[in-house]
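Heads up, the thing below is written out as structure tokens.
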Amino acid sequence: MNQPQSLDDVLATYREHGHRHYGEDVTELQHALQCATFAQQAGEPDVIIASALLHDYGHLCHQLGEDIADRGVDARHEHIGYNKLKGLLADEIVDSARLHVAAKRYLCWKEPQYLTDLSAASLQSLHLQGGPMNDEEAAEFEREPHFDIAVRVRRYDDMGKVTDMQTPSLEDFAPMLQRFVLKAA
Ligand SMILES: [Fe+2]
């Protein structure tokens with residue numbers, strides 16, 4: 001899959017591959033739209049809504065199949081998404097995509113209840129992703145730029161798994177997303 005050159009390219013990937021199964025009862029596109037919608041409903045600023053929408057972009061770019069977690073494979077999709085979107089979209093968005101898996105491991109360290117509340121699929125992938133952070137990893141994570149945004153996005157990531165939820169469309173979010181496209185890209 002080529003490097004996206006514009007927001008249109010990014011959105012085209014969602015249209016083309018968004019039907020992929022997210023891992024619970026929703027598709028990748030539904031998951032993305034639900035995460036953005038939950039962030040919007042919570043009154044979050046646009047940068048969080050945009051980050052919530054795009055955090056799993058890497059899931060749409062790999063060719064490893066939709067059942068990779070069941071096969072014990074971690075596609076490291078957070079790095080795929082980061083590398084695809086870096087330079088095209090604002091740093092907050094690409095950093096939170098890169099850090100959203102680490103944010104889950106961080107929250108498991110910070111809030112024991114968070115770990116208890118994880119869905120079965122999230123727990124399965126947590127295991128592949130290295131389990132909860134230790135103190136050293138958590139301190140390192142807190143030194144990352146935009147780790148706080150990644151943690152906020154993570155809350156909506158965990159919510160975006162609702163069967164048959166009505167959300168705005170990709171096109172509805174597009175004008176807001178366009179404001180985070182870097183001019184230099
Ligand atoms: Fe996600």
Side-chain angles (χ1 to χ4, degrees), residues 1 4 10-11 13-42 44 46-62 64-70 73-86 89 92-108 111 114-115 117-133 141 144 146-165 167-170 173 177 180:
M1 197 170 292
V10 174
L11 299 184
T13 304
Y14 278 89
R15 290 189 195 100
E16 204 175 324
H17 300 290
H19 58 82
R20 287 184 181 184
H21 183 52
Y22 169 73
E24 313 216 12
D25 223 4
V26 293
T27 66
E28 289 287 349
L29 178 59
Q30 286 169 334
H31 173 65
L33 293 173
Q34 288 184 15
C35 294
T37 301
F38 281 122
Q40 196 173 47
Q41 288 172 352
E44 291 282 10
D46 285 347
V47 70
I48 301 288
I49 299 170
S51 298
L53 204 154
L54 298 171
H55 73 277
D56 269 336
Y57 184 69
H59 268 166
L60 304 176
C61 300
H62 70 71
L64 300 172
E66 298 174 42
D67 62 338
I68 53 169
D70 292 336
V73 177
D74 177 7
R76 308 280 288 161
H77 72 280
E78 66 275 27
H79 297 288
I80 299 172
Y82 171 73
N83 287 323
K84 293 274 183 195
L85 299 178
K86 188 173 53 159
L89 293 167
E92 291 90 337
I93 294 175
V94 296
D95 280 337
S96 61
R98 177 173 61 87
L99 294 172
H100 79 275
V101 171
K104 175 167 80 169
R105 298 184 56 229
Y106 172 77
L107 281 168
C108 290
E111 300 174 7
Y114 178 84
L115 176 59
D117 291 344
L118 280 180
S119 68
S122 244
L123 210 52
Q124 183 189 32
S125 56
L126 174 71
H127 184 66
L128 289 171
Q129 290 154 350
M133 284 185 172
F141 178 73
E144 286 280 1
H146 308 127
F147 85 92
D148 50 336
I149 292 183
V151 168
R152 272 159 77 180
V153 167
R154 188 73 225 181
R155 310 276 186 193
Y156 305 112
D157 189 2
D158 293 324
M159 296 165 74
K161 304 168 181 185
V162 181
T163 313
D164 295 332
M165 176 179 162
T167 67
S169 69
L170 207 49
F173 286 110
L177 294 174
F180 294 101

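Remember, it's 1-based here, ligands and their atoms both numbered in the order they're listed.
When distances to the Fe ion (ligand 1) are checked against a cut-off of 2.8 Å, H55 contributes an N, O or S atom below that limit. For H100, every N, O or S atom stays at 2.8 Å or more from the Fe ion (ligand 1).
The OD1 atom of D157 and the NE2 atom of H31 subtend an angle of 80° at the Fe ion (ligand 1), given to the nearest 10 degrees.
A donor atom on one side chain and an acceptor atom on the other are not found under 3.5 Å apart for T13 and K84.
Distances from the Fe ion (ligand 1) to the N/O/S atoms of D56 are shortest for OD2.
Remark: H79 NE2 is packed, more than 12 non-hydrogen atoms of other residues, nucleotides or ligands lying under 6.0 Å away.
Atom CD of E28 is separated from atom NE2 of H21 by 9.5 Å, given to the nearest 0.5 angstrom. Taking CG from L53 and CG from L29, the interatomic distance works out to 8.0 Å, rounded to the nearest 0.5 Å.
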